Amino acid sequence: MIRTVATIPFDGQKPGTSGLRKKVPAFQQPGYSENFIQAIFDCIDGREGSTLVVGGDGRYWNRETTELVIRMAAANGFARVIAGRDGILSTPAASNLIRKRTAIGGIILSASHNPGGPKEDFGIKYNTSNGGPAPEKVTEAIYSRTQTISQYRIADGGHIDLGKIGFANLGAMEVEVVDPVVDYAALMETLFDFDAIRAMFASGFAMRFDAMSAVTGPYAHEILENRLGAARGTVVNGTPLPDFGGHHPDPNLVHAKELYDLMMSPDAPDFGAASDGDGDRNLIIGKGIFVTPSDSLALLAANAHLAPGYAKGLAGIARSMPTSAAADRVAEKLGLPLFETPTGWKFFGNLLDAGKVTICGEESAGTGSDHVREKDGLWAVLLWLNILAVRKEPVKQIVEAHWREYGRNQYSRHDYEGVDSDAANALMRELRASLGRLGGRVIGDLVIETADEFSYHDPVDGSVSENQGVRILFKGGSRVVFRLSGTGTSGATLRVYLERFDGNPQTMFGETQAALADIITAADELAGIARHTGRNAPDVIT
Ligand code: G1P
Ligand code: ZN
């Protein structure tokens, strides 16, 4: 039976391209999630008779919302919903399913790397038929719809068993419950030399993968242990838990400290990696060496041809503006176009769809390629493994050889979290106002070459995105970038991105924070970080 029910007035938080993110209790208000889901459906032209994909990262409220999406889809004319078993789909696996099954779109339930649980974060996000996050004009349309909507449609009755793989019907709609791993693993087998990686594991290569009690557990067990023959126990925290075991499923040096400590110890295995809540981010650590995401992007681009899926070479490379210029040096040497985009994966979508780039990445631990339209944590891990299997050298040796060849972009991000929003806005406002006066200014040994605010002209659709971060370039290739986070849930987060290029093998192996010390001092002098925020040190250094 299909019912039409009144929605509750939507409180109007504007969902961005990472979807609607809120604490679980907000989504639990009767009619709240329903309002947003109905608004999404209302904005899908041609949904009658089409296929929708649904699944999420397994966090608290994932299963309930998966069922809700299915019931509402049945009442909104979809012909078929493809759902991951138990409501589980990693973000890249959902992107793949949308593409592979020519779905009209998909609903991904996740709050990425943020904590999960009854009082923690949840999210609902819509991806379009290319498998990527809905572009801004679609999210804007969804948002306006939430403001006018008064009713939603839902199919009552009938049983949905998300635990059982197979087909069922809900009214006139077919529900297909799929193994969340199978199609994704098959895609990985087309890109990478599984035989070579299997041989490497068979010869004693040891690895630890920390799934952080989040969605990549089942994927990593199947791909790394079952298919590639990594030793049992390679995957740790491999069972997705609704509260991620009480941890932040954020693969950085703070939240994956145990893995980092292991990799720096004498007992370190050859390779360490981790992924986040929904499986799109990655952390790469070799024995005795952390590989920054910016370096990882450059290294993957330089070596991608060693994997079968990229043997023909790359069309181009894209990186977000705050990501270090290490990839630029690779692009230059390989004669490839390099695109600099604003922060956020959505900007890569057009470039990937147009075939202008093959590989892209962000300093925030997101790397991916044209195989899907989301960043992909396990993909990055497998590309690394493929490269290691071919080159047969330790990670550290490969990274250091790369620096010797291309020079090293020493790089770090300093985050000031939970800053008073007014203070953070004032800091950015003053900084913007000062840009015209900064050229030529000398701070210690640094001389400012240019200072501007980044705006992006999309080469594919001609759209312009302004105010994408303040960047100050010093002579010699050093740089500091300031921007406010667009994903935080409380107060403001100021991100300060610091970078120094060092082409000298006598000095390039030095410790990162020490190498950046004068740029750190200059950043505070330029932006008045301590003065505005009252903080003398960042909360998180990555
Ligand atoms: C952060 C990262 C950005 C990433 C986004 C979504 O956004 O910095 O690179 O695309 O999360 O995962 P921010 O909080 O900086 O706006
Ligand atoms: Zn994520």
Side-chain angles (χ1 to χ4, degrees), residues 15-19 21 55-59 62 89-95 108-116 121-123 125 127 132-133 139 211-212 214-216 219 240 244 248-252 255-256 274-283 292-294 296-297 318-324 340-349 360-368 372-380 411-419 424 428 454 456 465 467-470 481-497 538-540 542:
T17 46
S18 54
R21 295 249 179 107
D57 63 13
R59 68 179 58 227
N62 182 91
L89 281 178
S90 77
T91 292
S95 181
I108 302 178
L109 309 170
S110 170
S112 190
H113 49 285
N114 294 325
D121 292 352
F122 191 72
K125 163 175 141 174
N127 280 30
T139 58
M212 305 192 87
V215 79
T216 49
Y219 295 84
F244 307 122
H248 284 238
D250 192 353
N252 62 27
H255 296 298
S275 191
D276 74 329
D278 63 327
D280 59 358
R281 294 188 177 196
N282 71 86
L283 171 69
T292 68
S294 294
S296 182
L297 173 66
R319 64 163 172 85
S320 69
M321 183 274 283
T323 302
S324 96
E340 189 178 30
T341 60
T343 296
W345 201 260
K346 64 178 177 182
F347 294 97
F348 296 137
C360 35
E362 294 192 274
E363 51 68 40
S364 54
T367 330
V372 289
R373 291 296 179 273
E374 292 275 6
K375 53 196 173 212
D376 189 344
L378 265 171
W379 169 88
Y411 184 85
S412 180
R413 187 178 93 187
H414 289 191
D415 291 335
Y416 298 79
E417 294 177 340
V419 173
M428 290 303 290
F454 179 56
Y456 178 62
S465 306
N467 299 332
Q468 297 297 324
V470 166
V481 170
F482 300 88
R483 59 177 284 281
L484 298 183
S485 156
T487 60
T489 42
S490 56
T493 295
L494 170 69
R495 303 204 195 282
V496 184
Y497 308 83
D539 299 280
V540 182
T542 46

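Note that ligands are numbered from 1 as they come in the structure, with each ligand's atoms numbered from 1 the same way. Here the structure is a predicted model, which means the values were calculated and not measured.
- Once rounded to the nearest 0.5 Å, the distance linking OG of Ser112 with CG of Asp276 reads 4.0 Å.
- The protein atom (non-hydrogen) at minimum distance from atom 16 (O) of ligand 1 is Gly486 N, 2.6 Å.
- Note on Asp280: its N/O/S atom closest to the Zn ion (ligand 2) is OD1.
- Between Trp345 and Phe348, the ring-plane angle classifies as perpendicular under the 30° and 60° cut-offs.
- Judged purely by atom type and a 3.5 angstrom limit, Asp57 uses its side chain to pair as donor or acceptor with the backbone of Arg59.
- When distances to the Zn ion (ligand 2) are checked against a cut-off of 2.8 Å, Asp57 contributes no N, O or S atom below that limit.
- Ranked by closest heavy atom to atom 12 (O) of ligand 1, the top entry among Lys375, Arg483, Arg413, Glu363 is Lys375.
- Between Arg319 and Glu362 there is no salt bridge, since no side-chain N of the basic residue sits under 4.0 Å from a carboxylate O of the acidic one.
- Looking at Ser364 against ligand 1, only its side chain comes within 4.0 Å, counting heavy atoms.
- The Zn ion (ligand 2) lies under 2.8 Å from an N, O or S atom belonging to Ser112.
- Between Gly344 and ligand 1 there is a heavy-atom distance shorter than 4.0 Å.
- Ring orientation note: the planes of Phe347 and Tyr456 are nearly perpendicular, at an angle over 60° on the 30°/60° scale.
- Here atom 11 (O) of ligand 1 lies nearest to Arg281 when heavy atoms of Glu374, Arg281, Arg495 are compared.
- In this structure, NZ in Lys125 is found 3.5 Å from CD in Glu374, a value given to the nearest 0.5 Å.
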